[in-house]
Amino acid sequence: MSRINDGAGPSTGGHGNNRPPPKTRTGRKYSYTKLCDVKVRTTVNLYAAVKFFKPPFPSRGTDYCMVVRLVDPSLDDLNEGLKCLFFAKEESLLPQIYSIGDIVRIHRLKVDNYRGAPQGNKGPGFSCLVFDGRQGAPTQPRSDSQNFTFEPEDEEKVLELRQWVTLTPELNVMTSDCPTLADVEEGQYYDLSCQIVSMARVDETCVLFQVWDGTIPAVPFRKAEFHGLSLDQKDDLVQKVKGHLVDVFIFDNHVSTALKFKPGDFVRIQNLHVAKYKPPDNEAGQSDELVEFVVHKGTSFGRGLTALSSDHPNFKDMESVMKQVIERSTAADLPTSEQHETDTAAHGPVKRATTGESLDQNSEGMLVDDTDGNVQQGNSMDQEQDSNVQERDNTVQQGDSTAQGSNVTHERDSNVQKGSSNLNEKNSIVPEEGSLVSSSNSTDRRCLQETGTVITGHHHITVTPIHAVLTHYTPFKFRLKAQLVDYSPRDVREFCLLFCYACNYCIEIPSSLKQKDCQKEGRQHSHSSFPCLWCKKTQSRNTECAVVPTMQYIYVVKFILDDGTGSLEAHMWKEHAEVFFKDLPPCNLYQRQEDRQVLSDYMHQLCPGAASQTAAPWMECCIMSYTVKDSGPALYQIFDTSLALEAA
DNA sequence: GCTTAGGGTTAG
């Protein structure tokens, strides 16, 4: 019998240990077996790293099944290791393994013989904790059961194994190999993290997912034909991520798994095949060579779909890229105040970033269609920008003489009159700090003394209530008096982004520039040391060598304004934001504590929040409304507005 | 009630 050597420790009563379990005050003591010492027909506890895993899939029996191969430093050959086979009624009762390189602590693994080799199975009282295998990640265990022990020495074991994982190339794949849609090549298989935006049942054997991960494939790919299909989609997301969507065809045994997901869910697709598309004969020759994204039948190589946890190693990176895309698609809708400039580079910056991607797709032969072709979208946005500018100018002229709808009075009152040309606005004097307070206009002075912000022009325009702004046609300019009820981002360090004035590419401040020891960044205002990766990428394609422009800091902030008649979301950025923040230049706010403090003080005064006894001051501000698409929602931007507060 | 799958690509 194998009792003496069962190795499983003391945690289950009466399983054959000769001595009573040694206990500590906080829990039981376990002994752990090195993989090189594991013998068949024993039950063991062990610490190990995941070398391979097949995520849970429904078996033909009653349970979910999962296959794992474990390794540890005791093995001479990492191709060896212990294969394990686990069954459970639910996926949540199986080891919560997300990635190769994850670290597991398993208690009561029963080791049997299968075809002459050891195979780990669940023994009575089996339990498994899983830890992120990356150094520096939280040591929070992911458990397959409600009750488990986790002692400081467990954490030590995890940290020790992490070092080994980090130094073992076969295991630290997460740091080197995080494929995105942008990386895929024809014929290859990928484990991809993404978000489902739309889905449809194609037939009995196939489900279609439309997914995105924030990137765009470089290879042209097949798009599904939707006639006759009912598409279940997350509407708000569809609008924002058009041009980033990829169609994934999911077959056979994965259909039931696929149907458990819903639009908006994050999913991990393992073994996604980027297959060369063979069009049917009647379509042959119609298009360039395409790939199609397919999840074939079977579970080979861990093929399957699993819910993507927010603590999956891929999640944060993907989320950050997605956020930037959405921010850009939202901010892309901002007009600039530089309508008068003839320089074509004076398009809205964030908008331009989207266009840049479109151009890139174009050069890569990206296939587009009428419904969500980013190329078309990008090109037409430029046109729209131009027409939008004209329209806005026209409106300025029309406003006085045109009465539309029920807001005639407001329209007239709030209209920027003919005399106030765009050029005048552009050149409107931005006063020195506090100079507005001593304005010679007595009416203004009375107003300024009681508000947190002042307008730097358009004083002849009367105030429009927000409810009227919200129902007004666009584009239009208004003067508001409202309070700041919320703003975004809440962390002032994120008030500034990096922006390339050459290509209008916009990104969040990268981690390398956030570091404390980045002295250079700390001293600089506005200019960063960070090269524009977009320009670099484009240049490396087009020319041999060219100077890569460095990116500059700009403000991009969103305000929620409320005046009691309604609330309105308005963006503020670039020069408008600099004027607003009393000419405090944008900078790396991760580095410049003093600027951060000033901005924090301003924001705290403007928006004390619900917990504060202090009421938010009223803000005088100028906003302009606009739309990107004719039918699109009205968007708002703050301009010609400046703080009338002193930093504490 | 005691299986299921037992890593190593579909072929749309």
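Proteins come first, then strands; the chains are lettered A, B, ... in the order of their sequence lines, and each starts at number 1.
- For DNA chain B, the neighbouring residues in residues 69-84 of chain A, judged by any heavy atom under 4.0 Å, are R69(A), K83(A).
- Heavy-atom distances under 4.0 Å link DNA chain B to F52(A), K54(A), F57(A), S59(A), R60(A) of residues 49-60 of chain A, given in residue order.
- Q96(A) places no side-chain N or O within donor-acceptor distance of the main-chain N or O of S143(A), the cut-off being under 3.5 Å.
- Straight-line distance between the C1' atoms of dG8(B) and dG12(B): roughly 22 Å, to the nearest whole Å.
- Expressed to the nearest 0.5 Å, how far OG1 of T168(A) lies from NZ of K51(A) amounts to 10.5 Å.
- A cation-pi arrangement is not found for R268(A) relative to Y98(A), the charged atom failing to lie both closer than 6.0 Å to the ring centre and inside a 45° cone about the ring normal.
- A distance-only check finds no donor-acceptor pair linking the side chain of N271(A) to the backbone of G302(A) [under 3.5 Å].
- Every residue two or more places apart in sequence or in another chain was checked for a salt bridge (charged side-chain N to carboxylate O under 4.0 Å, His left out) with E225(A), and none qualifies.
- Judged purely by atom type and a 3.5 angstrom limit, S59(A) uses its side chain to pair as donor or acceptor with the backbone of G61(A).
- On the nucleic acid side, DNA chain B has its first and last nucleotide under 4.0 Å of a heavy atom of chain A at dT3(B) to dG12(B), going 5' to 3'.
- Remark: A88(A) pairs with L93(A), L94(A), K122(A) by the side chain to side chain contact (heavy atoms under 4.5 Å, CB included) rule, at least two apart or across chains.
- With sequence neighbours excluded, the residues forming a side-chain hydrogen bond (donor to acceptor under 3.5 Å, both in side chains) with T166(A) are Q135(A), listed by chain and number.
- Nucleic acid contact class of Y114(A) (heavy atoms, under 4.0 Å, all strands): base.
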Please test R105(A) against D154(A) for salt bridge (charged side-chain N to carboxylate O under 4.0 Å, His left out), starting from the C-alpha separation and ending with a verdict.
-> CA-CA 9 Å; R105(A) 187 199 74 178; D154(A) 289 307; 3.3 Å; yes

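- Remark: N314(A) CG to D213(A) CG distance equals 9.5 Å, nearest 0.5 Å.
- In this structure, dG8(B) is classed as syn because its glycosidic torsion stays within 90° of zero.
- Between F301(A) and E292(A), the residue anchored nearer the 5' end of DNA chain B, judged by the nucleotide with its closest heavy atom, is F301(A).
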